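Notes for the one structure printed next.
Just so it is clear, the model here is predicted, and its values are computed rather than measured. Chain letters run A, B, ... following the sequence lines, proteins first, then strands; residues in each count from 1. These values consider heavy atoms only, across backbone and side chains, with no hydrogens, waters or symmetry-generated copies.
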2 protein chains.
Amino acid sequence: MNDVARLAGVSIKTVSRVVNDEPGVHPSTAERVLAAIDQLGFRRNLSARNLRRGSSTGTIGLVLEDVGNPFYSGVTRAVEEIARLRGRQVISGSSDEDPGRERELALEFCSRRVDGLLIVPAGLQHSYLVPEMRAGTPVVFLDRPAGDVVADTVLVDNIGGTVEAVTHLAAHGHRRIAFLGDAPDIFTANERLRGYREGCVRAGIGYHEELVAMGPHDQATVVTALQRLQSMREPATAIVAGNNRITVHILRSLAGVAERPALVGFDDFELADLLSPPVTVIAHDASALGKAATDLLFARLDGDNSPPRRVVLPVRLVPRGSGEVHA
Amino acid sequence: MNDVARLAGVSIKTVSRVVNDEPGVHPSTAERVLAAIDQLGFRRNLSARNLRRGSSTGTIGLVLEDVGNPFYSGVTRAVEEIARLRGRQVISGSSDEDPGRERELALEFCSRRVDGLLIVPAGLQHSYLVPEMRAGTPVVFLDRPAGDVVADTVLVDNIGGTVEAVTHLAAHGHRRIAFLGDAPDIFTANERLRGYREGCVRAGIGYHEELVAMGPHDQATVVTALQRLQSMREPATAIVAGNNRITVHILRSLAGVAERPALVGFDDFELADLLSPPVTVIAHDASALGKAATDLLFARLDGDNSPPRRVVLPVRLVPRGSGEVHA
DNA sequence: GGCCACTATGACAACGTTGTCCCCGAGCGG
DNA sequence: CCGCTCGGGGACAACGTTGTCATAGTGGCC
């Protein structure tokens with residue numbers, strides 16, 4: 001800006017005025033300044049501007065588990081969309097389910113003075129955010145609740161969803177329904193397990209621990225679990241899968257198998273309808289989740305300081321065939 | 001920092017020294033400062049720091065077409081990974097194939113003084129980046145080349161891939177091979193069309209314009225195109241799909257159809273192997289693309305100022321069944 | 001002609017840091 | 001006792017902006 005001012009033969013304040021479309025600059029002066037800007041390829045330094053103005057940095061921090069996972073990339077897309085409408089940029093990072101990494105990312109974003117934080121919690125301790133929140137940075141947790149702070153949270157109806165999955169399978173005659181879930185220290189995994197259990201009880205088929213295999217799961221552990229479930233005295237005839245990745249592992253394990261157990265997966269995924277049989281899922285909308293959380297964040301930025309809210313988004317069972325097969 | 005200094009009864013410079021682990025602070029003083037930092041929940045303002053030091057902002061800008069697309073979210077993940085190893089944060093945005101939006105995002109990132117830019121070009125004009133590049137911001141284009149500037153570029157072998165697809169289909173006896181591609185003003189779509197044409201010529205089956213349907217495509221236009229291709233005097237017996245979305249549209253259109261044309265899709269996608277028949281694809285690695293581009297960017301940041309490079313990543317045909325069927 | 005209103009512009013401080021330079025006092029050798 | 005060194009710490013400027021205030025010139029009106 002200094003260089004521009006020198007080249008145009010004006011003070012830097014005048015350049016600032018031109019750059020900010022402030023009134024009170026003579027057209028001919030403005031033209032000279034614009035020419036200088038063009039010639040030098042000047043671009044205003046936003047950091048300096050925000051520093052001086054003490055105003056928003058125009059950024060939102062997004063900490064999620066893995067952008068590579070279609071579910072989270074859907075969330076990211078929705079967040080970006082809303083942020084864009086509100087003139088913000090999104091800085092994001094993947095925690096890979098590591099609480100330390102989550103914390104590192106969140107605090108890094110705070111150091112960058114993001115206007116707000118959206119966090120898919122990896123851990124259960126979030127008191128490290130208390131100073132930031134007290135300092136006025138709104139934080140919204142999504143997909144999972146915070147561990148030890150009270151804050152806005154947007155969840156999906158994990159329990160309702162798995163209850164519905166089990167109910168659906170039981171209605172089609174299944175009595176031996178298994179559950180393959182993620183590591184039980186992950187909130188959603190645990191909730192879904194609870195829903196599974198409640199569904200079993202409600203359906204009158206009882207809860208049998210032997211039918212449960214919690215993760216973390218990869219292709220190999222899923223194969224092992226399926227073998228175990230099928231070699232029992234009373235084999236499982238149906239499976240509820242705890243998330244999209246586990247569903248895919250199961251599908252891959254069952255490829256080419258003639259007698260397939262019925263299957264209902266938590267999380268919808270692309271092409272589920274084109275498999276044979278098409279996969280019945282508990283669907284919930286990644287972009288709805290992202291949108292709800294971002295809307296909530298912006299409400300806070302707009303001055304809403306009502307008590308923290310907990311929003312639970314509905315899920316719905318999409319019957320496609322795999323949950324209706326008989327073993 | 002001012003507050004911390006006051007509370008600890010020292011000057012702000014001493015606080016700065018403590019925060020930066022600089023030597024020359026008495027342990028007992030440091031302790032007092034740390035206590036004050038803790039009590040106030042102080043967090044150093046990175047913008048101010050970077051402004052003062054005139055150093056890197058520790059950020060990388062990433063402009064892509066749509067984070068929601070699994071291909072690009074794979075790219076994003078890879079970029080994030082490398083950036084993390086080099087201590088950078090990623091700011092990203094989706095252009096939705098709109099050149100204006102691409103430009104807006106890129107320039108916004110420049111205003112934020114990103115250390116470097118990774119761009120999946122939406123348009124063909126990138127001279128707007130010349131001042132930035134001249135000012136020292138390295139820019140790497142990925143997936144598609146820049147329109148009118150010379151810059152580092154990482155591409156995949158679009159032509160080789162479609163040549164191989166056509167060759168593969170022809171080797172299985174197909175003579176009427178169609179091509180459904182994206183809008184021809186998109187570089188990759190055009191290149192793939194060229195590869196298709198060359199493949200046809202090489203296979204000795206000739207290039208017939210009637211067998212080509214360029215986009216933009218959605219489910220409806222794909223259905224129409226397929227109807228046209230199949231109601232010809234000599235119907236198409238095989239199809240090459242120009243990208244993952246078109247492949248999915250085709251699969252959805254063909255669902256339940258008994259006599260399916262053979263199909264080879266450009267871009268691999270999850271579950272392609274589990275469909276029936278499994279989908280033969282031209283595979284290339286999103287994360288390899290992201291990694292190559294980011295590595296190149298960091299090489300520039302490390303001072304490499306050799307002439308701009310163009311890297312072309314190989315693709316490979318993954319035969320799975322759908323490209324081998326006979327009509 | 002004197003005064004006022006108004007336009008166009010500039011000087012300067014400040015945002016939150018950090019780099020440079022300087023100062024004070026203690027310890028030590030001569 | 002003097003001078004020197006060295007450890008600890010502070011004052012101040014500067015990064016690139018913008019907000020506040022001041023100022024010079026210009027034209028109009030009584």
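The residue B/Asn2 sits apart from the nucleic acid: no heavy atom pair falls under 4.0 Å. Here A/Thr14 lies in heavy-atom contact (under 4.0 Å) with sugar-phosphate atoms only. Here A/Asn20 lies in heavy-atom contact (under 4.0 Å) with sugar-phosphate atoms only.
Computed from coordinates, the B/Arg17 CZ to C/dG19 C1' distance equals 10 Å when rounded to whole Å.
Taking CZ from A/Arg310 and CG from A/Asp152, the interatomic distance works out to 11.0 Å, rounded to the nearest 0.5 Å. Taken to the nearest 0.5 Å, the CG atom of A/Leu296 stands 10.0 Å off from the CG atom of A/Leu142. Annotation: the span from B/Glu65 atom CD to B/Asp98 atom CG amounts to 11.0 Å, rounded to 0.5 Å.
The shortest non-hydrogen separation linking A/Val4 to A/Val33 is CG1-O, 4.1 Å.
The stretch residues 4-12 of chain A touches DNA chain D through A/Ile12, each having a heavy atom within less than 4.0 Å of the strand. Looking at residues 24-45 of chain B, you'll see B/Gly24, B/Val25, B/His26, B/Thr29 sit with a heavy atom under 4.0 Å from some atom of DNA chain D.
Enclosure of atom CD in B/Gln125 is not indicated, since only 12 or fewer non-hydrogen atoms of other residues, nucleotides or ligands lie within 6.0 angstrom. Within a 6.0 Å sphere centred on CD of B/Glu31, heavy atoms belonging to other residues, nucleotides or ligands number 12 at most.
Here the rule is side chain to side chain donor-acceptor pair (under 3.5 Å) with B/Asn243, and of B/Thr188, B/Asp267, B/Asp182 only B/Asp182 fits it.
Counting 5' to 3', DNA chain D first comes under 4.0 angstrom of a heavy atom of chain A and last does so at the ends given by D/dG16 to D/dT20.
Between A/Glu102 and A/His126 there is a side-chain heavy-atom pair separated by less than 4.5 Å.
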Checklist entry - Between B/Glu108 and B/Arg113, is a salt bridge (Lys or Arg N to Asp or Glu O under 4.0 Å) present by the stated rule, with each step listed? => result CA-CA 9 Å; B/Glu108 164 85 22; B/Arg113 297 294 187 270; over 6 Å; no
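Of the N and O atoms on the side chains of B/Asp96 and B/Ser94, not one donor lies less than 3.5 Å from an acceptor on the other residue.
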